[in-house]
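Values below: all heavy atoms of this structure, side chains included; hydrogens, waters and symmetry mates excluded. It should be emphasised that the depicted structure is a prediction, and the values quoted were computed from it without experimental measurement.
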Amino acid sequence: MQNSIAAGRRLAARVLVIQACISLAVALLFLLQGWPSALAALCGGALVVIGNMLLALRLFGAVQAGGEFTLSRLIAGAILKWFVVIGGIYLVIGQFRLPPLPALCGLSAALLANLAGFRFRDN
């Protein structure tokens, strides 16, 4: 079992790459319905990737101090992530008027990619 900061950084990077690839694949599938649908799916997936990247930077970016400090950074990063995701989906659907179903499919697919990222472990 690896419990180091480096292992956490590698896991975060792997999850981000998998999420980005799945988001791109979903966007390519929605390209069959047209550019607005593909753009909405890509934006939905990109919101999750950006949110998780901010969470990872918040959690692993600074020098680690103690358990309470790390927990507070994790909570702050998670709150920041969900502000990005919820605010971004509001912009994508509400302000930019992109199709909601592809945006939610891209968002959901990127969230489910977490399961794939955690499935594969370092040797």
Side-chain angles (χ1 to χ4, degrees):
M1 179 174 166
Q2 294 181 351
N3 202 14
S4 69
I5 303 272
R9 285 185 181 130
R10 283 192 304 271
L11 178 63
R14 182 173 44 243
V15 168
L16 288 172
V17 168
I18 291 171
Q19 284 179 331
C21 290
I22 289 178
S23 298
L24 186 61
V26 170
L28 289 174
L29 286 175
F30 274 105
L31 190 58
L32 298 172
Q33 290 184 350
W35 283 103
S37 294
L39 182 61
L42 187 64
C43 288
L47 290 172
V48 176
V49 173
I50 292 168
N52 278 337
M53 181 180 61
L54 291 174
L55 171 63
L57 288 173
R58 182 84 179 142
L59 187 59
F60 298 119
V63 176
Q64 303 296 315
E68 292 175 2
F69 182 71
T70 303
L71 180 62
S72 67
R73 292 180 67 82
L74 174 67
I75 292 170
I79 291 170
L80 179 63
K81 168 190 170 179
W82 286 109
F83 270 123
V84 167
V85 170
I86 292 170
I89 205 69
Y90 167 74
L91 288 175
V92 167
I93 294 172
Q95 296 296 319
F96 299 137
R97 306 268 191 239
L98 291 174
L101 182 62
L104 294 176
C105 285
L107 185 129
S108 300
L111 285 173
L112 288 174
N114 283 338
L115 299 176
F118 292 128
R119 173 73 174 95
F120 303 108
R121 295 194 177 135
D122 291 338
N123 291 325

Give me the other members of the hydrophobic cluster that L29 sits in, counting Ile, Leu, Val, Met, Phe, Trp and Tyr linked by side-chain heavy atoms under 4.5 Å, directly or via other members. none

Which residues, ordered by chain and number, are linked to L32 in its hydrophobic cluster, where ILVMFWY side chains connect at heavy-atom gaps below 4.5 Å, directly or through other members? none

Grouping I, L, V, M, F, W and Y whenever their side-chain heavy atoms are under 4.5 Å apart, do V48 and V92 come out in a common cluster? yes

How would you list, by chain and number, every residue that makes a side chain to side chain contact (heavy atoms under 4.5 Å, CB included) with [X], sequence neighbours excluded?
X: A46; result: none
X: L42; result: L24, A27
X: L112; result: L115
X: I89; result: L47, I93, A103, L104, L107

For residues 32-44, the side-chain hydrogen bond (donor to acceptor under 3.5 Å, both in side chains) pairs (sequence neighbours left out) are Q33-S37

Within residues 94-109 or reaching into it, pairs that qualify as side-chain hydrogen bond (donor to acceptor under 3.5 Å, both in side chains) - sequence neighbours excluded: Y90-Q95

Show, in sequence, the C-alpha distance, side-chain angles and deciding distance for L59 and T70, and conclude whether the side-chain contact (heavy atoms from CB on, under 4.5 Å) test is met. CA-CA 7 Å; L59 187 59; T70 303; 4.0 Å; yes

Roughly how far, to the nearest 0.5 Å, is the CZ atom of F69 from the CG atom of L74? 12.0 Å

Nearest 0.5 Å, please: how far is CD1 in I75 from CG in L80? 13.5 Å

Quick check: closest heavy atoms across [X] and [Y], and the distance to 0.1 Å?
X: S23; Y: A110; answer: OG-CB, 3.6 Å
X: L98; Y: A40; answer: CB-CB, 3.8 Å
X: L55; Y: A78; answer: CD1-N, 3.4 Å
X: Q19; Y: V49; answer: CB-CG2, 3.7 Å
X: M53; Y: L16; answer: N-CD2, 3.6 Å

Ignoring hydrogens and geometry, is there a side-chain-to-backbone donor-acceptor pair from R9 to F60 under 3.5 Å? yes

